[in-house]
K.L.:
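After the structure tokens below, expect a handful of questions from me.
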Amino acid sequence: MNAEELRKDFPILSERINGHRLVYLDNAATSQKPRQVIDALRRYYEHDNSNVHRGVHTLGSRATEAYEAARERVARFIRAKSPQEIVFTRGTTESLNMIAHGYARAKLREGDEIVLPPSEHHSNLIPWQQAARATGATLRYLPLQPDGTIRLEDVEAAVTDRTKIVAIAHVSNVLGTVNPVREIAEIAHRHGAIIVVDGAQSVPHMPTDVVEMDCDFLAFSGHKMLGPTGIGVLYGKAELLAEMEPTYFGGEMIDVVDLYESTWKEAPWKFEGGTPIIAGAIGLAAAMDYLERVGMAEIERHDAALAAKAVERLAEIDGVTIFGPPPGQSRAGLVTFNLGRVHPHDLATVLDARGVAIRAGHHCAQPLMRLFNVPATARASFYLYNTEEDVDALVDAVLEAKEFFGHAIG
């Protein structure tokens, strides 16, 4: 793939920031959007805008066809068995909350266990805290190795017949570690548990096959994979979605409404009450078309190669601490680091002065920050439109920051 050519499809990358070209390295937070996605949104609003599943007029039919075609597109992208296993949501956070409220609370009992790593994003931690509190279940945390990886023998020890749910990110949004979810799924299923996979950082960057992975639920967001904000996906095995209760109620998700009781449509429509995120779904389908034209395996190799180069170059700078797998070990397309005693917010401000956009903070992973005994970290994350020149710009900016903050290094 030719990242330089791809960059021409992204209007925002021509922006000048503080007199410098934009070096956008905050892709783990949100990605930029190509013209093809922007055009798909504009076409919908200019030619097909209408509500779905309601009107029999032409615009209503066009909008409904486009919306359901987007569902089919998502199913193909993640290799789901059926479009009916695809629920449109506002994003990964809503998807995970729907599982915790609509499925877990009905299934968990006092003494049951939920197993997860302490490195999870808050969106895949707090919903399980709340489910445990509501049901009497217990949270059980997997140990992390110093580089942030998880050993399968520790999963074997933690998952027992009391385990009902294993919740884990496919890729850590802080460390870039790629967790062995297929093997963890096998362990969970052997004990009668289900596995919930947070795919926010994996689905945009690598080929995804939910059947091969054998996950029971998968959650991910459109805005991290070239799509619009406000659209996400909850994948669930058909039999589990059939058992799961809706978490909000209203128009379109119903079958029959009486004065004192109501019944629901079948999945996925029972989970999509009210006017759904029509334009968002259409934009997400366009984003998936774009990604597959480039090639997900190519994107995975590209992003990992840039991250590996960044880790190698940053590790050569005195005072820089790299979190996660060390140089030479496999990681996904991001690198998290600190520069001496410089607060990451200050570091990010200096980098922004050179047009380099990174993320600084706890990355919605405060328990992990406490394990590292740091208040925050800096994170550079890569995507298909980033180049080796962007890595060079990052390293040069960190070196400039080191000189600026010289008293705080070491």
Side-chain angles (χ1 to χ4, degrees), residues 48-57 59-72 74-75 80-110 112 114 123 126-137 164-165 167 194 196 210 215-222 230-282 284:
D48 301 327
N49 183 45
S50 181
N51 217 319
V52 297
H53 302 144
R54 290 170 172 84
V56 296
H57 52 76
L59 292 185
S61 297
R62 286 182 188 171
T64 299
E65 289 172 6
Y67 181 70
E68 291 302 331
R71 195 188 308 277
E72 294 173 2
V74 173
K81 291 180 179 179
S82 166
Q84 291 184 326
E85 294 181 318
I86 304 301
V87 179
F88 285 122
T89 69
R90 291 184 300 145
T92 306
T93 298
E94 182 172 77
S95 298
L96 293 168
N97 274 273
M98 287 171 65
I99 303 166
H101 284 77
Y103 181 86
R105 290 195 183 207
K107 299 291 184 180
L108 293 172
R109 300 290 182 268
E110 187 172 356
D112 290 343
I114 304 167
S123 294
I126 298 172
W128 306 116
Q129 290 179 345
Q130 297 301 309
R133 179 178 297 176
T135 61
K164 302 304 178 187
I165 297 171
I194 67 162
V196 177
V210 293
C215 58
D216 297 290
F217 291 103
L218 173 73
F220 60 96
S221 299
I231 184 70
V233 172
L234 165 60
Y235 158 81
K237 290 181 177 177
E239 61 272 21
L240 297 181
L241 290 179
E243 299 174 12
M244 183 169 155
E245 286 295 316
T247 52
Y248 60 98
F249 307 87
E252 255 331 283
M253 52 79 64
I254 51 86
D255 181 20
V256 176
V257 175
D258 206 340
L259 289 178
Y260 296 101
E261 61 181 39
S262 302
T263 57
W264 325 129
K265 287 182 177 177
E266 62 184 0
W269 301 282
K270 71 177 180 179
F271 300 110
E272 297 178 7
T275 298
I277 312 153
I278 305 165
I282 292 168
L284 176 58

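The basis for the numbers below is simple: all heavy atoms, side chains too, and nothing from hydrogens, waters or symmetry mates. The structure presented is a predicted model; accordingly, all values stated were derived computationally and were not measured.
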K.L.:
Could you check whether any side-chain heavy atom of Val87 comes within less than 4.5 Å of a side-chain heavy atom of Met98, counting everything from C-beta outward?
P.N.:
yes

K.L.:
Would you give me the side-chain donor-acceptor pairs under 3.5 Å for residues 249-260, sequence neighbours excluded?
P.N.:
from, atom 1, to, atom 2, distance (Å)
Glu252, OE1, Lys265, NZ, 2.8

K.L.:
Hey, are the side chains of Leu284 and Ile277 touching, using non-hydrogen atoms and a 4.5 Å cut-off?
P.N.:
no

K.L.:
Would you check if Val74 and Phe220 make a side-chain contact, meaning some heavy-atom pair closer than 4.5 Å?
P.N.:
yes

K.L.:
To the closest 0.5 Å, what do you measure between CG (Leu96) and CZ (Phe217)?
P.N.:
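Those atoms lie 10.5 Å apart.
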
K.L.:
Let me confirm one number: the CD1-CG distance from Ile126 to Asn97, rounded to the nearest 0.5 Å.
P.N.:
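Between atom CD1 of Ile126 and atom CG of Asn97 there are 8.5 Å.
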
K.L.:
Donor-acceptor pairs under 3.5 Å, side chain of residues 230-244 to any protein atom, not counting sequence neighbours: which ones?
P.N.:
from, atom 1, to, atom 2, distance (Å)
Lys237, NZ, Asp214, OD1, 2.8
Lys237, NZ, Asp216, OD1, 3.2
Glu243, OE1, Lys107, NZ, 2.9

K.L.:
For the pair Arg71 (side chain) and Ala69 (backbone), establish whether a donor and an acceptor sit closer than 3.5 Å, ignoring hydrogens and angles.
P.N.:
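Answer holds: no.
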
K.L.:
Does CZ in Arg90 sit with more than 12 non-hydrogen atoms of other residues, nucleotides or ligands closer than 6.0 Å?
P.N.:
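Open: at most 12 neighbouring heavy atoms sit under 6.0 Å from CZ of Arg90.
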
K.L.:
For the residue pair Ala100 and Ala131, what are the closest heavy atoms and their distance?
P.N.:
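Of all heavy-atom pairs spanning Ala100 and Ala131, the closest is O-CB, 4.2 Å.
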
K.L.:
Is a side-chain N or O of Thr92 found less than 3.5 angstrom from the main chain of Ser221, in a donor-acceptor match?
P.N.:
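Such a contact is found between Thr92 side chain and Ser221 backbone.
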
K.L.:
Evaluate the side-chain hydrogen bond (donor to acceptor under 3.5 Å, both in side chains) criterion for residues Tyr248 and Glu94: first the C-alpha distance (whole Å), next the side-chain angles of each, then the deciding distance (0.1 Å), finally the verdict.
P.N.:
CA-CA 11 Å; Tyr248 60 98; Glu94 182 172 77; 4.8 Å; no

K.L.:
Would you name the heavy atoms of Arg109 and Arg105 that are closest together and state the gap between them?
P.N.:
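It is NH1-O, 4.5 Å.
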
K.L.:
Are Ile278 and Phe88 packed together at the side-chain level, in the sense that at least one heavy-atom pair is separated by less than 4.5 angstrom?
P.N.:
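No. Closest side-chain heavy atoms not under 4.5 Å.
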
K.L.:
Quick one: pull up OH in Tyr103 and CD1 in Ile194 and give me the separation to the nearest 0.5 Å.
P.N.:
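Rounded to the nearest 0.5 Å, the OH-CD1 separation comes to 4.5 Å.
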
K.L.:
In Å and rounded to the nearest 0.5 Å, what is the NE2 to CG distance from His57 to Asn51?
P.N.:
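So the NE2 of His57 and the CG of Asn51 are separated by 8.5 Å.
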
K.L.:
Are side-chain heavy atoms of Asp112 and Ile165 found at a separation under 4.5 Å?
P.N.:
no

K.L.:
To the nearest 0.5 Å, how far apart are OG in Ser61 and CZ in Arg54?
P.N.:
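Reported value, rounded in 0.5 Å steps: 14.0 Å.
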
K.L.:
Ignoring hydrogens, what is the shortest heavy-atom contact between Ser95 and Ala219? Give both atom names and the distance.
P.N.:
CB-CB, 3.5 Å

K.L.:
For a 4.5 angstrom cut-off between non-hydrogen side-chain atoms, does His53 reach Glu68?
P.N.:
yes

